[in-house]
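Structure first, commentary second.
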Amino acid sequence: MTKEDILRLRDTAEQTRVQFKERVTRDNKYDVSCEMVALSNSRGGMIVVGIDDKTGRINPLSFVEVQETTNLLGSLASEGVVPQILLDIENVQMEDGVIVVTTVKQGRNKPYRDSKGIVWVKQGADKRKVFDNAELIAMLMENGQMHPDNMPVNGTSIKDLDENTLRDYLLNRFRSNFERQQLSIIELRHRSLDEITGVLSQTPEGILKNNGLILEDGTLTMAALMLMGKYPQRWLPAFTVRCVSFVGNSIGGTEFRDKSGNDADGNAVHLYNYIISFLTRNLRRKQVGKDFNSQGELEVSIASLSEIVTNAILHRSYVIEAPLRVFIFDNRIEIHSPGLLPEGVSMESIKHGASVPRNKLLFNHGINLLPYTGAGSGITRALKFTPDIKFVNDETLNEFVVTVERRNVGETDTKNDRDDRDKHLDKSNLNKINTNPNDRDDRDNEVGAIHTAYKTLNGTQKDIIQFCSIPRSAREILEHIGYSYHPTNINKFIKPLLEHGFIEMTEPEKPNSKNQKYRKV
């Protein structure tokens, strides 16, 4: 570091990673040790001795003062910070003496405490005490000493898992086992969980215990609940998704194209489907073929969006109690994931395939339910399809933000016009589906027709289906899509999906029950 570097530091004043001290003495040594603690618990930084922090006046140290200061700083690093830290001290020659620059690296054994046992972190140019257990847990996570997705969720058991999601997990997790025994995956989807796991000579609970998803006492881990829970938000209410499509380019806008009244909830599979449904119905499509009636290609690669959304769900911080937020503006898409990048990962390294999972249990088992390879190449693939993706590690808001620029594709954004979007329901394929619940064989033979029919549904109808991954009342469904609770709207939006087998009643014997709800089939 040179004299010119010192002058530039002085001119930019104190900031998060730069602190000035005119002198370090026995009178202010405790304050200096607290600064060391705060820097170690945050992203590191420098303590510059020889500059007045109030006026910015440079007051270099004499030879004797330099000797005393460096000795005192070393003593504070070993005795005033617990556990002790190492300092990098550099003396910079000025005209009238020396400026001592002490570099404190970001610690790898957080949380650090001062001699009184207090934990400090940086907050702007100042520092603050930490009392929140969530912050302390976040520090332990950074060091790999704690993984929230491994933690038990008290009061839960295997009964709180969604049977259909658990069945999908088992069929995907042990697909090769079933194929070796020449068993049809499609056929197994109609078997009970006990029958499926019987093929593996285990019980469902035994399999989940062996994979670390259930503890020995039968309590679910957070990973199990978030991946396969019926309703995880009963125990983890903050882990939801908020989606808003704004008119204009400001997050402070008051005009919306698409805004749900409540945050989306459900397990990871439901949240993924909810976000993808929101994105596909609000983004424009460009015509790529000659057929005027063809659906067109989404303005942003769906492969890129899928990778980004999956990463946001699996790698978000489950210590920070905040929703994952997805915003669409006229010129961009933003996905805000709570928590900064894990320790040892940079924005450059993730572009080249670096993978340091924050939630290892979620990451290792989510591959059986969500669309990713598990090889850490998701961001690399997203960039391959959509090169103009920007990443911001926002330390102020404590979140990781992915921004995708939108291009003018020369198409009218009919997806944002709710009246046009909801005007038609193409029943040409729906009518091919046998809705007789007693004729299982015919239904199995018509899987292709069901998939074809699903593609004909509009965005709102697909949104309703995904929303009903958790049983919902008619009022909840209509309020979710922005309509009033009225028989006309029930007939328009809910009844067709019910008639054609996409959703079903929870109490089919009592269709008019006040407790009636609808769930995804």
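Using a 4.5 Å heavy-atom cutoff, the side chains of L370 and V309 are not in contact. When side chains are defined from C-beta on, N398 does not count as touching D394, because their heavy atoms never get closer than 4.5 Å. Looking only at side-chain heavy atoms (C-beta outward), V199 and R191 stay at 4.5 Å or farther from each other. Using a 4.5 Å heavy-atom threshold, the side chains of I333 and L283 count as touching. P111 places a side-chain heavy atom less than 4.5 Å from the side chain of R113. Looking only at side-chain heavy atoms (C-beta outward), R257 and F246 stay at 4.5 Å or farther from each other. Two residues are said to be in side-chain contact when any heavy atoms from C-beta on lie closer than 4.5 Å; I196 and R167 meet this criterion. Taking 4.5 Å as the limit, some side-chain heavy atom of I464 sits within range of a side-chain heavy atom of F493.
The pair E399-R325 meets the salt-bridge criterion, with a side-chain N (NZ, NE, NH1 or NH2) lying under 4.0 Å from an Asp/Glu carboxylate O. Salt-bridge annotation for K360 and D149: absent, with no side-chain N of the basic residue lying under 4.0 Å from a carboxylate O of the acidic one. Salt bridge annotation for E187-R189: absent, with no cationic side-chain nitrogen under 4.0 angstrom from a carboxylate oxygen. Salt-bridge formation is detected for the pair R472/D265: a Lys NZ or Arg NE/NH1/NH2 atom is positioned less than 4.0 Å from an Asp or Glu carboxylate oxygen. With respect to D160 and K230, no salt bridge is recorded, no charged nitrogen being found less than 4.0 Å from a carboxylate O. R173 and D168 are not joined by a salt bridge, as no carboxylate oxygen comes within less than 4.0 angstrom of a charged side-chain nitrogen.
Side-chain atoms of N249 come within 3.5 Å of backbone atoms of D330 as a donor-acceptor pair (strictly under, hydrogens ignored). Formation of a donor-acceptor pair under 3.5 Å by the R316 side chain with backbone atoms of H336 is not found in this model. Listed for the N393 side chain is a donor-acceptor partner under 3.5 Å among the backbone atoms of L341. A donor-acceptor pair is defined here as one N or O able to donate and one able to accept, closer than 3.5 Å; no such pair exists between the side chain of T221 and the backbone of N150. Put simply, the side chain of S42 gets close to the backbone of K122: a donor and an acceptor are under 3.5 Å apart. Under the 3.5 Å distance criterion, the side-chain polar atoms of S250 are matched with a main-chain donor or acceptor of G252. Here the side chain of T280 pairs a donor or acceptor atom with the backbone of S277 at under 3.5 angstrom. Between the side chain of T506 and the backbone N or O of K517, at least one donor-acceptor pair lies under 3.5 Å. Side-chain N or O atoms of R242 include none that pairs as donor or acceptor with a backbone N or O of P323 at under 3.5 Å. No donor-acceptor distance shorter than 3.5 angstrom exists from the side chain of N359 to the backbone of L362, with no hydrogens or angles considered.
Side-chain atoms of N41 and Q106 include no donor-acceptor pair closer than 3.5 Å.
Nearest heavy atom pair, residue P204 against residue T197, reads CD-OG1, 3.4 Å. For the pair Y274 and C243, the tightest heavy-atom approach, listed with the atom from each and the gap, is CE2-SG, 3.7 Å. In terms of heavy-atom proximity, A264 sits nearest to T240 at O-CB, 3.1 Å. The shortest heavy-atom contact between A38 and K127 is CB-CB, 4.0 Å. When all heavy atoms of R519 and M505 are compared, the closest pair comes out as NH2-O, 4.3 Å. Considering every non-hydrogen atom in both I490 and A474, the closest pair reads CD1-CB, 4.2 Å.
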Stepwise salt bridge (Lys or Arg N to Asp or Glu O under 4.0 Å) test for R332 and E405: CA-CA 4 Å; R332 69 192 187 281; E405 300 296 326; over 6 Å; no
Pair V119-F131, side-chain contact (heavy atoms from CB on, under 4.5 Å): steps then yes or no: CA-CA 8 Å; V119 177; F131 299 106; over 6 Å; no
Verdict with reasoning, H486 to T488, per side chain to side chain donor-acceptor pair (under 3.5 Å): CA-CA 5 Å; H486 191 275; T488 300; 3.2 Å; yes
Verdict with reasoning, S192 to D194, per side chain to side chain donor-acceptor pair (under 3.5 Å): CA-CA 5 Å; S192 69; D194 289 333; 5.3 Å; no
Check against side-chain contact (heavy atoms from CB on, under 4.5 Å), L305 and T386: CA-CA 9 Å; L305 294 174; T386 310; over 6 Å; no
Intermediate values then yes/no, side chain to side chain donor-acceptor pair (under 3.5 Å), Y272 and S306: CA-CA 8 Å; Y272 170 85; S306 177; 2.7 Å; yes
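F329 and F327 have perpendicular rings, their planes meeting at more than 60° on a 0 to 90° scale where under 30° would count as parallel. Aromatic ring pairs are classed by plane angle as parallel below 30°, tilted from 30° to 60° and perpendicular above 60°; the pair Y318 and F239 is perpendicular.
Between the CD1 atom in I389 and the CD atom in E307 there is a gap of 10.0 Å [rounded to 0.5 Å]. Atom CD1 of residue I214 and atom OG of residue S157 lie 8.0 Å apart, to the nearest 0.5 angstrom. Expressed to the nearest 0.5 Å, how far CG of N282 lies from CD1 of I328 amounts to 4.5 Å. In this structure, OG1 in T310 is found 11.0 Å from CG in L369, a value given to the nearest 0.5 Å. Between F391 atom CZ and I335 atom CD1 the span is 10.5 Å, to the nearest 0.5 Å. Atoms CG and CD1, on N489 and I494 in that order, are 8.5 Å from each other to the nearest 0.5 Å.
The environment of CD in E255 is sparse: at most 12 heavy-atom neighbours from other residues, nucleotides or ligands sit within 6.0 Å. For K209, the NZ atom is densely surrounded, since the number of other residues' heavy atoms within 6.0 Å is greater than 12. Other residues, nucleotides and ligands place more than 12 heavy atoms under 6.0 Å from the CD atom of E395.
In summary, of the residues considered (I158, V269, L213), a side-chain contact (heavy atoms from CB on, under 4.5 Å) with M228 occurs for L213 alone.
In this structure, R475 satisfies the cation-pi test against Y485, with its NZ or CZ atom closer than 6.0 Å to the six-membered ring centre and inside 45 degrees of the ring normal.
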